[in-house]
Amino acid sequence: MMPKIALKGVNKSFGHVNNAFVALSDLSFDIRAGEFLAVVGPSGCGKTTVLNMLAGLDSPSSGQILLDGVAISGPGAERGVMFQDYALFPWRTVRGNIEFGLLYGKPGQGVSSEARRKRVDDAIALVGLSGAENKYPHQLSGGMRQRVALGRLVANQPDILLMDEPLAALDAQTRIILQEELLRIWGQDTAQETRRTVMFVTHGIDEAVFLADRVVVLSSHPGRLKAIVDIDLPRPRNGETRKSARFAELSQEIWELIREEAYRATMK
Amino acid sequence: MKWLAIRLMSPVGLLVLWEVLVRLSGSPRAPSPSTVFVAAGELIASGELLAGLSTSIVRVLAGFVVACLVAVPLGLVMGAVRSVERNLDPVVESFRPVAAIAILPLVILWLGTGNTAAIAIVAYAAFFPVLVNTISGVKNVEPSLLRAAHTMGLSPLTRLHAVLLPAAMPSILVGMRIALGVAWTAIIAAELAVGAKSGSSGGIGQMMFVFYAYSIQLSGIVVCMAAVGVVAFCLDRLVSLCLTFITPWSNAR
């Protein structure tokens, strides 16, 4: 089966030829349709660069990134992005933010205003923001802002969700709750064919193991593929999953892969 | 009470000192607080002061609106499109130091000394603060907002009105606040400079000119100065009230 997204020998460097900073070197991996793929690695491994290229905000210096077999040349309505700082529009309410893409962007083309309202209502309910529709982002807690960003993403109904450390700015308890929420919204209880494709960039190993079907481990300076780890934990995953021996084992395995570099990065 | 007394001490003290100095000097022309209050009462009762002020205020508002209508769209485009900014920036920056009062001779020759000329002066003065703040507002838009808009496939025009304009709004409003103050200063100066030529039509500045050049009534001049100050203060408070009303999100960040 053709992968949803295929990275083939992707290189990315910034700056001038003589003085270039190599962010990614010869990176190849696939993302399968309906799969939850996490990308982890020490800081400086180019995780965000990968995500930006998939989003169409940046392009590889060489190599190819194929979406359904076609090279990505820019952003598209079939891909939705959730940014680390949420990128909410401060002048729009919760509702205004969630309907933004449908109102002004490609995802809303051909959507009647009635259908739009329905989709926005559904998204608000799905992320648990009913009753807070008319609040502004500055009136919300970090966890609620994150929900708004997620609501905006799902309202646009993209096939592929690209998430750049969306839970990094939250406190530990909120993060754990939202991880489970995220799996529910993604559809871990439903059949695999109906699930969206997710690429989730994170620096949290536990988070990656808890959420993902597979974890791509990158090394840093430059970013290279170190390993791809299959996460064979059963779904649906919940609090029990975190307590299982297999969860600890997989987390440990990934930690071993990046430990040395993480130490080096910290000491530098 | 005590607190109020302390706060009132210096202004009341100054007024008393002023009165005493005028009495001591014995000059018949020097305006004292008492003569100024009397003059103010007369000018208010006769309606002259209000008529002069309202003429000037209407001119300021008209010129201000014209300035905003040109400066905001231009600033949006200049802030958003690099090549436009590169082309226009030298022109703008070479006009900006030319004070509004310095274009008065040309304006009078072209437009006469009536309302049109007054509005043109005000518009010129108010234009630059609005433009400069609009440009900087657009340039300082959070890059992640633009990237979010980009990933949702907004067209350039939609991006302009749905992202750049509201994101730059706090900065634009700051520009407008400055502009209104500058415009008020400019109109007084222009009306003063035009003086009581035939064909010119009033305003608080011209009223001052009459007191200065014809009736030589210093108390009247002081009344006008005070009125100008009070109006400026009120305009500014009104605008800052509008700011918190229009952009509630920008203060709370």
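Residue numbers begin at 1 in each chain, while the letters A, B, ... track the order of the sequences.
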Chain B contact via A/R152 - side chain, backbone, both or neither, heavy atoms under 4.5 Å: side chain
Toward chain B, the part of A/Y104 with a non-hydrogen atom under 4.5 Å: both
Atom CZ of A/R184: over 12 foreign heavy atoms under 6.0 Å: yes
Flag if over 12 foreign heavy atoms under 6.0 Å of CZ, A/F14: yes
For the atom pair [atom1] ([X]) and [atom2] ([Y]), what is the distance rounded to the nearest 0.5 Å?
| X | Y | atom1 | atom2 | result |
| --- | --- | --- | --- | --- |
| B/I246 | A/W91 | CD1 | CH2 | 15.5 Å |
| B/R147 | A/D85 | CZ | CG | 8.0 Å |
| A/L103 | B/M152 | CG | CE | 11.0 Å |

Residue B/T151 versus chain A: region with a heavy atom under 4.5 Å: both
Between B/V163, B/L145, B/T158, B/L146, the one whose heavy-atom pairs under 4.5 Å with chain A are most numerous: B/L145
Minimal non-hydrogen separation, A/A87 against B/S144, with atom names: CB-O, 3.6 Å
